[in-house]
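Worksheet for the structure shown next.
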Amino acid sequence: MGIPIPNSKLGLWLFLGTEIMFFTAFIGAYIVLRIGSPGWPTDPKDTHILVLMGGINTFVLIVSSYFVVVAHEAMAKRDFSRARRYLPYTMGLAFVFLGIKSIEYYGKISHDILPSHIAETPTQAINKVDRELEQVVRQRFAVYTDAEAIDVAQPDDLATVSAQLDVFAKSEGGGDDAKSAIHDVALYRKWQNLHQHIVANVSLEKVPVATGPGYLAAREALSEGESLPALEYAEVKAELARLKSDTNYGGFVSAGVLDPHPVLYGNLFASIYFLMTGFHAIHVIVGMLLFARPLLQGNNLNEEWTGWVENSGLYWHFVDLVWIFLFPLLYIA
Amino acid sequence: MAHDDHSAHHVNYLAVFVALCVFTALSVIFDLVSFSNHAITIVLVLAVAVAKALCVMMFFMHLKFEGNWKYVLLAPTTILAIGLPLALVPDIGVAYYTPLAPQAEWKAEMDSLHDSHGQSAGHSDHTGHVEEQAEVGHSDESGDGADHHEESHEAAPAEKAE
């Protein structure tokens, strides 16, 4: 009478049924959103997805699944020493999986491939460069205002700070502080120039100054329907490259500003990528916690733990299953 | 805990493992060999994924030897798994009209960016952009000038409000 399996196994399978629905909901949403997004990023230069890393992770999980099955078979045959050997292998491979995953995540984060961080058009990329460069300038100025080398009422007001720093630099008579202050003021002026060109949307190269009487006169001189040459994405890229190669402040700019790289649907891609792989990684961690309990028994591992190992193995196989589908969908498709 | 089901069926787990490794290698090979149509790659790779999933489910998870309760469990989940995307595809996956998503308008701008830079728009962030600087004289983005105008005018009041 009833299903010929222990309650724990039935319970776990019911749970796995819900987990299947959990992941297929996300995978189904990904498929639908991607079909509906013509221009989805697939180039690895845009997505920074490494198929080899994903392939190695797939292999790692398959090997760990095999080891779990060997461990469980050993426990069913009451060969507990063999089980005690293979369970740590599984746990170790789980750590390897998470390690490779964190390398991949680090790559994404260092390229700022995060939901809501990605520019999706050249204009957004230009504005992003503007914002990041402003942050670099603020950080550089904060060095002086925090150390109270100069006295300013409002440290956030970049124009005032820059004016004070200019005076400071010229008055200090060549000390180290003064030298770096000169360069930071120079960087501020470069950023100001870029910012004004972006706000006015005029070409960096063809319209040298985007503010002041000369500029206003040039705008007055336009006839109806005419406009000054517009700012171009390539110009901003070139200007950023020049700033990065400067010997004085280039290091700060390189550290604080990423090269502009607009990716259409990039934010949707990043959101889906982190959601799916993140939830999968959480499930891997839960699996590791499940394996920790029999591992902590050490030499006391006995037949009472056979059911636990079997059920943990089933859960682990499910985790492997999800990755088997995530790998082609995220990495190859 | 009853384990008579295990002793009745001996499974060669090593053989299943080797099969899984072969399938994994196959899917990586399918990706490296780029077919004329990317859809072929996707279909092949998903077919391999289904084969791997069956190996894990049937043998590692022992479902081949379990009773009919497995169908009671898996049928509703499968129906939901396939039914939900199918239900959403006509709404989100297919466009009967120009989509209202902003990205639909930006696609033209991004396409012209990729065209004018000859597919070399993507770069690693740490190398010098010598080849990009050589293309600085491009003037065929005049069509984007209007877009830049509108979008930066929207940005301008926000900037001035700071």
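Note that the structure is predicted; figures quoted are calculated from it, not measured. Protein chains get the first letters and strands the later ones, always in sequence-line order, with residue 1 at the start of each.
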Between [X] and [Y], how do the two ring planes meet: parallel, tilted or perpendicular, split at 30° and 60°?
X        : Y        : answer
A/Trp308 : A/Trp305 : perpendicular
A/Phe59  : B/Phe17  : tilted
B/Phe30  : B/Phe35  : tilted
B/Tyr13  : B/Phe60  : tilted

So, using side-chain hydrogen bond (donor to acceptor under 3.5 Å, both in side chains) as the criterion, who are the partners of A/Asn267 when residues are at least two apart?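 A/Glu120.
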Would you please indicate yes or no on a ring centroid separation below 6.0 angstrom for A/Phe318 and A/Trp323?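 When the ring centroids of A/Trp323 and A/Phe318 are compared, they turn out to be at least 6.0 Å apart.
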How about A/Tyr30 and A/Phe26: are their ring centres within less than 6.0 Å of each other?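 No.
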Contacting moiety of [X], where chain A heavy atoms sit under 4.5 Å:
X       : answer
B/Leu88 : both
B/Val94 : neither
B/Ala25 : neither
B/Leu63 : side chain
B/Thr24 : side chain
B/Leu20 : both
B/Val50 : both

CA sep, side-chain torsions, deciding dist, call: A/Tyr89, A/Tyr86, ring-ring contact (aromatic ring centres under 6.0 Å, His included): CA-CA 5 Å; A/Tyr89 293 163; A/Tyr86 277 88; 5.4 Å; yes
Go through [options] and name the one with the most non-hydrogen pairs under 4.5 angstrom from chain B.
options                               : value
A/Trp316, A/Tyr265, A/Trp13, A/Phe325 : A/Trp13
A/Leu321, A/Leu329, A/Val32           : A/Val32
A/Ile62, A/Thr58, A/Thr42, A/Leu33    : A/Ile62
A/Ser245, A/Pro38, A/Ala29            : A/Pro38

Most contacts with chain A, counted as non-hydrogen pairs under 4.5 angstrom, among [options]:
options                   : result
B/Leu14, B/Thr41, B/Asp91 : B/Leu14
B/His38, B/Met61, B/Lys70 : B/Met61
B/Ile42, B/Leu73, B/Val89 : B/Leu73

Output a table of donor-acceptor pairs, distance under 3.5 Å, between side-chain atoms of residues 74-85 of chain B and any protein atom two or more places apart or on a different chain; print 'none' if there are none.
from	atom 1	to	atom 2	distance (Å)
B/Thr77	OG1	B/Leu74	O	2.8
B/Thr78	OG1	B/Leu74	O	2.6

Roughly how far, to the nearest 0.5 Å, is the CZ atom of A/Arg131 from the CD atom of A/Gln124?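 Nearest 0.5 Å value for the CD-CZ distance: 8.5 Å.
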Would you mind checking which part of [X] comes under 4.5 Å of any heavy atom in chain B, side chain (CB onward), backbone (N, CA, C, O), both or neither?
X        : answer
A/Pro44  : neither
A/Val263 : backbone
A/Phe327 : side chain
A/Leu52  : neither
A/Ile324 : both
A/Val51  : side chain
A/Leu264 : both

Go through B/Leu32 and B/Val28 one step at a time and tell me if the side-chain contact (heavy atoms from CB on, under 4.5 Å) criterion holds. CA-CA 6 Å; B/Leu32 294 173; B/Val28 176; 4.1 Å; yes
Backbone N/O of B/Met58 and side chain of B/His62: donor-acceptor pair under 3.5 Å: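 Flag not set: sc B/His62 to bb B/Met58 has no pair under 3.5 Å.
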Does a sphere of radius 6.0 Å around CG in A/Asn7 hold more than 12 heavy atoms from other residues, nucleotides or ligands, not counting ones at 6.0 Å or beyond?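 Not buried by this count: 12 neighbours or fewer within 6.0 Å.
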